[in-house]
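Worksheet: one structure, shown below.
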Amino acid sequence: ETSKYRSLAGFSSVLFVVLSLVKVFLSQSPEAACLSAEDISPSSNGPRDDDPDDLFAEATEEVSLDSPERQPILSDGPSPAITPVTPVMISPRVDVFDRSPDQDEDEEENRDTFDIQISVSDPEKVGDGMNAYMVYKVTTKTSLSIFSRDEVCVKRRFSDFLGLYSKLASKYMHMGYIVPPAPEKSIVGMTKVKVGKEDLSSVEFVEKRRSALERYLLRTVKHPALLKDPDVLQFLESSELPRAVSTQALSGAGILRMVNKAADAVNKMTIKMNESDAWFEEKQQQFENLDVQLRKLHASVESLVCHRKELSVNTASFAKSAAMLGNSEDHTALSRALSQLAEVEEKIDQLHQDQSYADFYLISELLGDYVRLITAVKGVFDQRMKAWAKWQDAQVMLQRKREAEAKLQYANKPDKLQQATDEIREWEGKVQQGERDFEQISKNIRREVGRFEKDRVKDFRVVIIKYLESLVHTQQQLIKYWEAFLPEAKAIA
Amino acid sequence: MVRSVSVDLNNDASLVIDIPDALCERDKVKFTIHIKTTLSSFQKSEFSVPRQHEDFIWLHDTIVETEEYAGLIIPPAPPKPDFEGPREKMHKLGEGESSMTKEEYAKMKQELEAEYLAVFKKTVQVHEVFLQRLSSHPMFRKDRNFQIFLEYDQDLTVRRKNAKEMFGGFFKNMVKSADEVLISGVKEVDEFFEQEKIFLLDYSSKIKDATAKAEKMTRSHKNVADDYNHISGAMNSIAADNNTAFKKHLEKCAEVFEKLRKLEDRVASDQELKLTELLRYYTRDIQAAKDLLYRRARALADYENSNKTLDKARLKGKDIAQAEENQKQCLRKFDKLSESGKKELTSFKARRVVAFRKNLIEMTELEIKHAKNSMSLLQGSIEILNSN
């Protein structure tokens, strides 16, 4: 019976690409006795924070103290010390290839456009101390003609991903495309890695980031427009990539963005749009609700991850204690049984730990991605409002110009009158453009939201099945272990 | 089904005791003790009597104070029923009633009832075992106060007060202090007791530790169950906002998590009942065994002192007869304690082994059962979700 769902799950894609503006969020994970809280919860800020409450989000950035001049990653010279990080097979590797039958009718999303596989792997630490950074291998396998080769490997660092996102957002966001947000920065996590702590939490952090970067790329290329974008192609194919300048700490660009953000925040508050299209009003409300609900679900899942880890630790601790009790026990048969109980509990503690990884990578991380995506979706609606405002402003301006011209009619100043007439024409053009832009962005958003919702449903279905299967596996193992122990318990005489 | 953590203590038909029922009234739990007996010392052959936890403590204390039982392992007193957890929950439920949906409220109420039931089971089990230990022991079953406890058809409150005034828990307190020091200080001639001493001192600390770790493990299970609950609720609220087939899908998922929660809860409470409670009980029983060693060590010390007194008396030439008599008595007492102590400790080991065996088997069987149920639930759900 298990083979039935195996074949369906085999090539399912967990990831999902929607274009949007990222709005960084801060989610709280339950602290309490949680073990590596900073590794689980995204705790700091990414680029382009549109959160009106957090104008100084950019202030906390990945403090990379290496030299700001362009340094191609893959130079021919002697490279600084490279410490390969032992890949920890923690997360279930997910294929991007969506070969499941597509029920798309509305667009020409050809089966061919999805023939692309991307993996992010082999994290390597370059350099030491606070100058160190992680480099990841990005492998693209594809038969698409826009790529120059059918298999290409490049090395990229985290800021490169942020840079890519930054470019895409600035190009497509205002058109209403939902640009997938890049993963979050993490000062704490990165510092530990830089400092060279080879402990489990550092390893887990790197794995978490690697997985997040992979999902990010997969989502990005899944969007037909982004897939063809030259920046994306360059990112995937080019062996040398100019250092992403704008993600550096408090650079000129950083400050500029901060200022823009402030302006945006003010604007948002003063725009009161006259919504004539019920669809948008309805959708916006839906996404508001979904935002709240997803965050709640995410928080519950994070709590589950935490408690499952605790269960694992406590089971291991009990196992040790049971072993000691068995040693102390002077009745031979009971002593042996207790030692065997200790062994069973030790195996079970490993089971719980594995399950917590499944909890995390299958569900928790995906939910986190979606919370960020929803924020991006909401941002797209904001962009539409801005477009509408621009159109309205143009209309107001046109009106003023017309009034000015009317006044000038009586003043008999032919030069000024000509200028006024020219300006009217100019503003008529702007009004038309404003209306066109607004209609275009509205159309784009409808399409984007449609894709988003379809993909979201698909993702969820796939992930929930995978997750339930992981639970099945755990239960199967439990049955195995306990059934092996039962005769030992019965053998106590 | 015999619920006891100890051996099946009801195999002697001449005096069979169980607690079929208990009632929780505010702070007090009223246990209904059910007795079936063929012994002539009882007036009726089958009857029931209501008793409170404090009555059990009174009975335990009077037995501890009884000099005659110094050479016996005194069954540990049952701990006070602890309804703090469910009570807190009930308080929260009452406060949050207005902010919850009807479904959430009903669910919380259901959880609350389950928790009450779990605490109930535990406390009934431990009070029942206490009585059964007494009834199955050749000496304790004949105890006058035990009979009063079982038969007296009125409230024992008055008797309890009098007893407290008489003894004031003197002997009990004496035993508790510095028993380890005294026990380990004894120069043991008897190989049996030497072994027992080493064993009990070590085992006692190990089992206390194991109990604490088992408790933490159980609590983690409960936390995971709680999380499943919240996940289920969150999925339901997302489902409420969705129309179309996806809504049904989400609702089905929410249902799966709800069922997983129930299973996880059951795993937690069964583990608690079979493993943690077992360890808790034997921690107390080991202490009772240590108390016995302590009393024997005291008797030995008394005997050694009486020897010294006799020597002194002989030197002085005064009160020799008295000192001789005293010495004889001390020796008699010590020998009696050693003889009955050996018997008790031997049967204690047998009892412990049987109890562990029984509970480990039951725990394992329940774990297998719950895992199998989980698996069939999950596999069934996967099939349904896939077919949607």
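So that the names make sense, note that chain A is the first sequence line, chain B the second, and so on, each numbered from 1. Heavy-atom basis, side chains included; hydrogens, waters and symmetry copies ignored.
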- Item | Which of B:Q195, B:R357, B:M363 touches chain A most, by non-hydrogen pairs under 4.5 Å | B:R357
- Message: For the interface with chain A, which of B:E365, B:E367, B:H230 has the highest count of heavy-atom pairs at distances below 4.5 Å?
- Response: B:E367
- Message: Do A:D354 and A:Q477 pair up side chain to side chain, a donor and an acceptor below 3.5 Å, judged on atom types alone?
- Response: no
- Message: Does either side chain, that of B:S204 or that of B:Q287, offer a donor lying less than 3.5 Å from an acceptor on the other one?
- Response: no
- Message: Please rank A:A491, A:A337, A:S328, A:A322 by heavy-atom pairs under 4.5 Å with chain B and give me the top one.
- Response: A:S328
- Task: Mind running ring-ring contact (aromatic ring centres under 6.0 Å, His included) on B:Y282 and B:F356 for me, showing each step along the way?
- Result: CA-CA 9 Å; B:Y282 277 94; B:F356 268 77; 5.6 Å; yes
- Positive for side chain to side chain donor-acceptor pair (under 3.5 Å) with B:D285, one of B:R351, B:K290, B:R352: B:R351
- Which atoms of B:L275 come close to chain A, meaning under 4.5 Å heavy atom to heavy atom: side chain ones, backbone ones, both, or neither? side chain
- Message: Strictly distance-based, threshold 3.5 Å: is any side-chain N or O of A:S321 a donor or acceptor partner for the main-chain N or O of B:A210?
- Response: yes
- Decide whether A:S317 and B:K216 meet the rule of one side-chain donor and one side-chain acceptor closer than 3.5 Å. no
- Query: chain B heavy atoms under 4.5 Å from A:L471: which part of the residue, side chain, backbone, both or neither?
  - Reply: both
- Item | Toward chain B, the part of A:F460 with a non-hydrogen atom under 4.5 Å | side chain
- Measure B:L377 against the heavy atoms of chain A and call it side chain, backbone, both or neither at under 4.5 Å. neither
- Task: Examine whether an atom of A:L334 lies under 4.5 Å from a heavy atom of chain B, and if so say whether it belongs to the side chain, the backbone or both; otherwise answer neither.
- Result: side chain
- Message: Looking at B:E215 and B:R219, is there a salt bridge between them, counting it only when a charged N and a carboxylate O are closer than 4.0 Å?
- Response: no
- Considering only heavy atoms, which portion of A:E329 lies under 4.5 Å from any heavy atom of chain B: side chain, backbone, both, or neither? both
- chain B contact via A:I363 - side chain, backbone, both or neither, heavy atoms under 4.5 Å: neither
- Message: Looking only at the side chains, is there a donor atom on one of A:Q286 and A:K283 sitting less than 3.5 Å from an acceptor on the other?
- Response: yes
- Query: Between B:L260, B:I238, B:D202, which shows the greatest number of heavy-atom pairs under 4.5 Å with chain A?
  - Reply: B:I238
- Message: Counting heavy-atom pairs under 4.5 Å with chain A, which one of B:V353, B:L360, B:T218 comes out on top?
- Response: B:V353
